[in-house]
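Okay, structure first, notes after.
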Amino acid sequence: MSEKEDIFQIAVVGHTNAGKTSLMRTLSRDAGFGEVSPSPATTREVTSIALLADGIPRADFRDTPGLEDSIGLLELVDRLRTDRRDDGPSLIERFLGSLEAADRYSQEAKALRQARIADLVLYVIDARDRVLPRHLDELELLTRCGRPVLPVMNFVSDDTNRNEEWRDALARLGLHATASFDTVIFDADDERRLFESMRVLADDHAEAIDALIEDRKRRRRRSIDRAANAIAELLVDSAAYVVVVAPSDEAKDDDEIRYQQLEAEDSLQAALRKHERFAHRTILADFEFTDEDPEAALLECTEGRLGIDLFSKEALKYSGVGATAGAAGGAATGAVIDLALGGMSLGAAAGIGAIVGGLLGSTAGQGRRLYRRLRGGDELRAGDGTLQVLLARSLDLARALCSRGHADTRSIAIHEVVLKDDFLKTVLETLRSARSHPSWSRVDRVGPDSQGRTALIKRLARTIRSRIVD
Amino acid sequence: MSTPQDLEVNTESFEPPAPAGLLASAVANYIHSAHEPMNMVDARPRDPRASMARKLDDVASSQTDASAIAKSIHGLRGWMHWIMAIGMILSVAAGALAAVGSLDVEGGDPVNIFWLLGAVLGGQTILLILWLLMLVFGGRLLRRWSIGGFLLGFSSWVAARVGIGGGSTGSSRKRQVQSAAAAVAETDFGGSRTRWLLGTLTNLAWLAFNIGLLGSLIGALYVRQFDFGWETTIGSDAAFERATEFVSIAPEWVGFEVPDQAQVLEARIDPGTGQLTAENETTRKAFSSLLIGSVVIYGLAPRFLLFMICLMIWRTTRRRWRPSVDSARFTLLRRLTEPQAVKVDSDDTGIAENTPPEEEEPPPVDRQTIGSAIIGIELHMPSCGWPPPCGAPVEDLGMVESREDRIATVRMLRYSTTLPARLVIIADISTTPDRGIARSIELVHEAADQPKLIVILSGGARFRDRVDASALERRIGDWRTMVKNMGVGGEIHEVDLDNLTAASRAQLSEAVSGSARPNLPIERGPVASIDAAFAEISAQVRRWHDAPTDKERLALHKAVARCAEAETGGRLLGTPTIEALTRDPREAIVEAGRGVLAMLPARLLASGRWASIGGTVGALACLATAGTVAPAVLAALPVWLATGAASGAGLAALKGPDESDATDELMETEGRLRGEAIAGAAMHTVLLTFQGRGERTIQEIMEKVFQGDPPELPDSESAAHALSRWRSKIVIADHESRSS
Ligand SMILES: Nc1nc2c(ncn2[C@@H]2O[C@H](COP(=O)(O)OP(=O)(O)OP(=O)(O)O)[C@@H](O)[C@H]2O)c(=O)[nH]1
Ligand SMILES: [Mg+2]
């Protein structure tokens with residue numbers, strides 16, 4: 001197909017272990033791409049991946065085996081010169097056709113073959129290395145391929161990097177355009193600059209590169225938006241979540257009551273843990289990471305709070321009684337529901353309750369809670385401390401992922417970040433309205449989203465987003 | 001173009017239920033409600049340009065249990081259709097009963113037509129008006145009293161009990177049904193669809209009611225004869241006439257027969273008899289036709305119309321429904337629809353032709369193997385300096401990095417009369433043991449005629465800072481594998497030359513000498529004194545902070561002279577005596593410079609920089625051998641050095657004016673100053689070592705050793721490299737001069 005010929009082709013070459021495959025991983029946002037290891041000659045074959053912008057393949061990046069014996073190879077290539085007029089590309093072609101290219105230098109041949117046909121060669125450098133003769137020989141070989149070369153310095157976040165030394169050495173070779181791009185500590189600006197440098201050297205493909213830059217910018221913004229949204233949802237769900245402690249008349253003695261409470265606490269904890277895990281997985285997916293469970297301590301929420309202020313302004317407004325009607329109105333609703341259920345115990349009424357509750361919508365849900373309270377039952381829910389932990393951890397995860405390259409092979413560990421007081425207060429304040437809407441919680445149920453929930457999440461997400469990127 | 005790969009395609013392919021996005025929503029619910037994180041099947045949308053909802057459906061249909069969930073959706077809808085059907089049957093029956101009840105089929109009295117119309121149509125008309133009011137004003141209320149919630153609660157409760165959406169068992173089936181129900185509740189009943197669905201259902205029920213009504217009315221009228229009449233207590237006849245006329249307008253317009261004015265009057269029930277004033281066949285027909293027409297026009301038709309309208313609006317809004325893809329539960333599916341990169345098959349074929357590689361010349365035969373030789377390969381200059389303190393005399397083969405180094409070392413070994421019995425390679429552990437390194441080692445090892453190979457890995461502490469313990473193990477393992485693959489056998493030791501301790505020193509000397517006790521010293525002629533001098537230079541250079549002071553330069557040359565003492569007395573031939581120096585320093589310095597310059601080959605003389613180095617060497621050499629130097633002489637040192645340099649440079653200016661011009665333009669950088677000082681010391685060493693050989697030989701050796709421009713040596717590391725390079729060149733040059 002003609003499109004294949006036209007697509008922007010980039011050969012990623014460099015010494016073994018310079019991080020070529022890592023670069024591929026981070027650029028393609030695919031942590032499963034190829035194989036990455038600190039041993040030499042990890043990549044043995046050319047593997048190609050097309051970067052998409054708006055679903056359209058725009059650039060074909062090719063990972064190549066590492067150059068290992070450039071000194072020996074350059075010596076060989078020099079020996080292949082038979083004529084004064086032999087130029088770099090013809091020498092390389094001669095080498096690629098030689099027996100050595102299939103034998104001792106087969107790995108190098110694979111890389112040089114790609115460098116020969118690519119529109120642009122990315123020369124990946126381990127910036128911690130000294131500038132050694134072998135590097136200069138590698139660059140010499142690549143220059144002889146006759147394609148524009150863009151040196152990309154990897155490991156630049158390492159303290160022991162020798163960026164300046166490298167820039168000097170490269171400038172001496174006439175390579176003034178360079179890019180710094182750490183594949184493990186991701187920096188969106190560095191990535192943009194990398195693409196921009198590529199555009200300078202491969203002007204024919206400026207359009208494709210611009211599309212990629214734009215797409216990446218958009219995606220990043222969206223990733224952050226979505227992560228903020230996921231955190232907001234986690235908080236709203238958890239704040240609204242309620243575990244019912246059975247009415248006390250069913251329990252025979254204090255021990256049993258205590259036991260019921262412990263059970264309720266356990267189930268609250270288990271449900272929130274599961275939900276947190278789901279949220280973390282969501283945040284990972286928002287940043288294109290998959291199937292990794294981050295390492296985090298299990299959520300402890302023993303300070304779940306019993307009871308709820310059913311007669312709060314919010315609760316009453318919601319039950320349709322209106323704030324002015326006062327407590328009497330609320331109690332009246334409860335009484336009506338009590339009548340409707342004919343004094344049945346809660347357990348037996350569960351089936352019917354579901355139907356009636358559904359029929360009457362959430363208003364009746366409120367009534368049901370009143371009913372439960374009147375009958376001496378209780379509710380358990382996560383305290384503010386738990387919400388704080390949930391917020392601090394998911395925020396930490398989102399922040400860590402913002403600057404995590406897909407080449408990072410270390411597992412993700414989640415810590416609790418220290419939250420600013422005023423921010424925490426704002427969030428908890430915002431969450432207050434969720435407290436009186438158990439039906440908003442998606443902790444252990446699914447259902448259509450109500451407008452109130454959606455609006456609250458949106459508002460909260462805005463607050464949280466500003467803390468992911470500050 | 002590249003084709004996205006479907007890694008795993010669900011074996012059952014099925015059409016997702018409408019509307020687009022419903023299945024995705026249900027599957028998202030299902031994933032969300034899983035107890036353990038579900039593994040996502042890495043599917044891709046069939047058409048990347050399709051709508052988001054469709055793409056989501058595509059990837060959702062490949063997920064685990066998707067087909068069971070789709071079945072649940074169909075099942076739930078089936079259930080709701082059944083419920084509707086039952087409701088309709090009940091409504092038809094209710095309509096029929098209503099007709100029968102209000103017609104008073106048993107009694108023979110005339111039927112009050114207005115009473116009857118009021119009974120069958122009045123109630124539903126009032127409800128219709130109420131419903132319309134509700135539709136217009138009751139938006140908020142309707143939203144709260146969600147019929148969706150009811151249907152969802154009820155249907156999923158029933159469904160979970162009777163087992164719709166079969167397939168798997170237990171709680172996962174329940175979850176399937178619940179997820180499906182939640183999604184259906186949103187698409188079919190959620191949002192504004194609640195009121196339109198409610199409208200559809202009520203109107204449908206009333207439609208059914210009217211059908212039942214109409215049916216049983218027609219039936220009754222068919223099999224029995226009714227007299228229709230009207231009566232009034234306080235109303236006027238005229239009013240009833242007008243009322244009848246008014247009611248008749250619409251049915252008549254449609255084509256129903258309606259009673260005319262006379263017939264209406266005939267139907268007046270006589271208050272005395274309770275019977276009609278007059279009744280005949282046509283009047284009866286006219287009234288029954290009006291009755292049926294009224295039910296059709298005022299009951300059935302509006303309900304049918306409203307039913308159709310509500311249904312249409314409901315269908316449209318349902319079609320317009322879009323899943324709220326930004327919600328967290330969609331994230332895992334959404335990711336699959338927005339791939340950022342796709343793998344491409346690549347073609348990498350190489351055809352080999354025959355160009356045999358050149359054979360390297362075989363090494364000379366019959367050489368003595370003795371002692372150990374060490375060589376640094378791509379070694380970061382260790383803080384203990386080069387060569388490292390091995391505790392025993394070893395032959396220093398220098399540090400190898402470039403192709404030239406490699407060739408030089410190999411040639412040196414090839415020409416040397418003795419060969420090491422042990423070859424000690426020192427490398428950085430942070431260096432990846434790749435084929436390039438292996439090749440360097442192999443070449444040197446071969447040239448040395450396959451002695452025992454020992455690899456010492458240095459820089460462990462630096463490497464450990466960078467990586468974790470497992471990486472270190474792995475790296476040592478990689479080195480071991482590399483040595484093993486070379487097939488020559490060999491040992492690997494880790495000794496950190498940057499942080500030598502007593503223990504690691506012992507380990508180093510044991511590794512180098514092969515035993516705990518040191519070897520006997522080896523007689524190596526001039527090379528020994530060069531090694532000693534260079535080691536001393538390198539040690540002093542490491543103590544420099546920036547550009548060397550004149551005193552430091554002098555110290556360098558004193559060290560050179562001291563090292564050469566045993567061999568040549570340490571005094572450069574032709575340098576003036578101390579007496580001459582104190583008598584007329586200027587003259588003596590110029591003299592000394594000239595002595596050195598006489599030994600420089602033409603190329604170096606032509607280069608301003610080398611020439612000025614040569615001149616300075618003369619000055620420093622004569623000071624270095626002058627024993628204790630008077631303070632006055634020391635004070636005048638800068639002037640003397642300048643004089644020496646100037647005399648050299650002046651000479652060069654005569655020989656090659658171009659180059660000296662260029663020299664003046666060069667910046668006096670620190671690296672350059674250090675480089676010139678070190679090159680001077682090296683030059684002094686060469687002159688001292690070979691001065692017995694005659695001017696020509698020395699010139700030849702100098703020619704071969706000091707190639708290019710004097711190097712810039714900004715740090716001790718580069719200095720050590722330069723020295724090691726010069727050293728191997730000296731050894732080769734020496735060998736060549738002796739064999740020619
Ligand atoms: N800390 C850090 N480690 C990196 C970075 N880039 C690569 N690495 C690590 O370096 C090692 C080599 O990376 P690879 O991506 O396999 O290198 P490669 O160039 O593909 O190597 P070959 O396939 O063998 O030629 C791996 O252990 C990576 O985890 C980086 O920017 N920072
Ligand atoms: Mg690789």
Side-chain angles (χ1 to χ4, degrees), chain A residues 1 3-4 16-17 28-30 38-40 45-52 55 57 60 62 68-72 75 79 96-102 109-110 113 130 132-134 226 229-230 233 274 277-279 281-282 285-286 288 351 354-355 357-361 363 446-449, chain B residues 1-2 29 32-33 35 37 39 48-49 144-146 148-150 152-154 157 178-179 182 185-186 190 324 326-329 331-332 335 339-346 348 350-358 378 380 401-403 406 432-436 439 466-467 471 474-475 478:
Chain A
M1 276 186 281
E3 214 169 312
K4 179 150 189 168
T16 187
N17 267 349
S28 65
R29 309 280 190 271
D30 180 357
S39 297
E45 297 299 332
V46 176
T47 341
S48 188
I49 203 162
L51 299 196
L52 310 178
D60 183 357
R62 304 200 162 178
E68 295 187 47
D69 189 7
S70 54
I71 297 181
E75 202 176 343
R79 279 209 307 269
L96 291 177
S98 73
L99 199 62
E100 296 277 357
K110 283 176 191 162
R113 199 169 287 129
R130 281 180 298 139
L132 290 166
R134 64 163 145 93
R226 286 172 174 174
N229 204 68
E233 274 194 56
K274 192 192 121 202
R277 204 164 153 208
F278 181 80
R281 222 178 148 216
T282 305
D286 283 330
E288 304 285 330
I355 300 165
L359 177 60
L360 300 181
T363 309
V446 286
D449 294 340
Chain B
M1 218 196 91
S2 59
N29 288 341
H32 181 271
S33 63
H35 296 295
N39 284 328
R49 277 172 293 270
R144 193 165 297 165
W145 290 62
S146 105
F150 163 63
L152 162 65
F154 182 66
W157 182 75
Q178 278 169 348
S179 313
E186 198 184 328
S324 50
D326 279 328
S327 152
R329 68 200 166 101
T331 303
L332 296 174
R335 229 196 109 244
Q340 199 151 359
V342 285
K343 294 220 171 70
V344 188
D345 297 334
S346 63
D348 181 57
I351 328 103
E353 251 172 55
N354 201 350
T355 339
E358 275 175 41
E378 288 194 5
H380 192 275
E401 282 182 355
S402 66
R403 172 169 17 156
R406 206 147 103 170
T432 312
D434 55 28
R435 273 182 292 114
R439 184 80 192 125
R466 224 193 242 187
V467 297
R474 186 176 178 141
R475 180 52 58 80
D478 287 341

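So you know, we letter chains A, B, ... as the sequences are listed, proteins then strands, and number each from 1.
- With a threshold of 4.5 angstrom between heavy atoms, Arg475(B) approaches chain A through side-chain atoms but not through N, CA, C or O.
- Both the backbone and the side chain of Asp286(A) come within less than 4.5 Å of a heavy atom in chain B.
- Looking at Ser324(B), only its side chain comes within 4.5 Å of chain A, counting heavy atoms on both sides.
- The greatest number of non-hydrogen atom pairs below 4.5 Å with chain B, out of Glu68(A), Arg29(A), Glu233(A), is found for Glu68(A).
- Here the closest non-hydrogen pair linking Arg62(A) and Ser48(A) is NE-OG, 3.6 Å.
- Between the side chain of Asp434(B) and the backbone N or O of Asp69(A) there is no donor-acceptor pair closer than 3.5 Å.
- Of the atoms belonging to Asp478(B), it is side-chain heavy atoms, and not backbone ones, that fall under 4.5 Å from chain A.
- In terms of heavy-atom pairs under 4.5 Å with chain B, the best-connected choice from Ala230(A), Ser39(A), Gly72(A) is Ser39(A).
- With Asn17(A) contributing its side chain and Pro38(A) its backbone, the two residues share a donor-acceptor pair below 3.5 Å.
- Listed by chain and number, the residues in a salt bridge (Lys or Arg N to Asp or Glu O under 4.0 Å) with Arg474(B) amount to none (sequence neighbours excluded).
- Glu401(B) and Arg134(A) are not joined by a salt bridge, as no carboxylate oxygen comes within less than 4.0 angstrom of a charged side-chain nitrogen.
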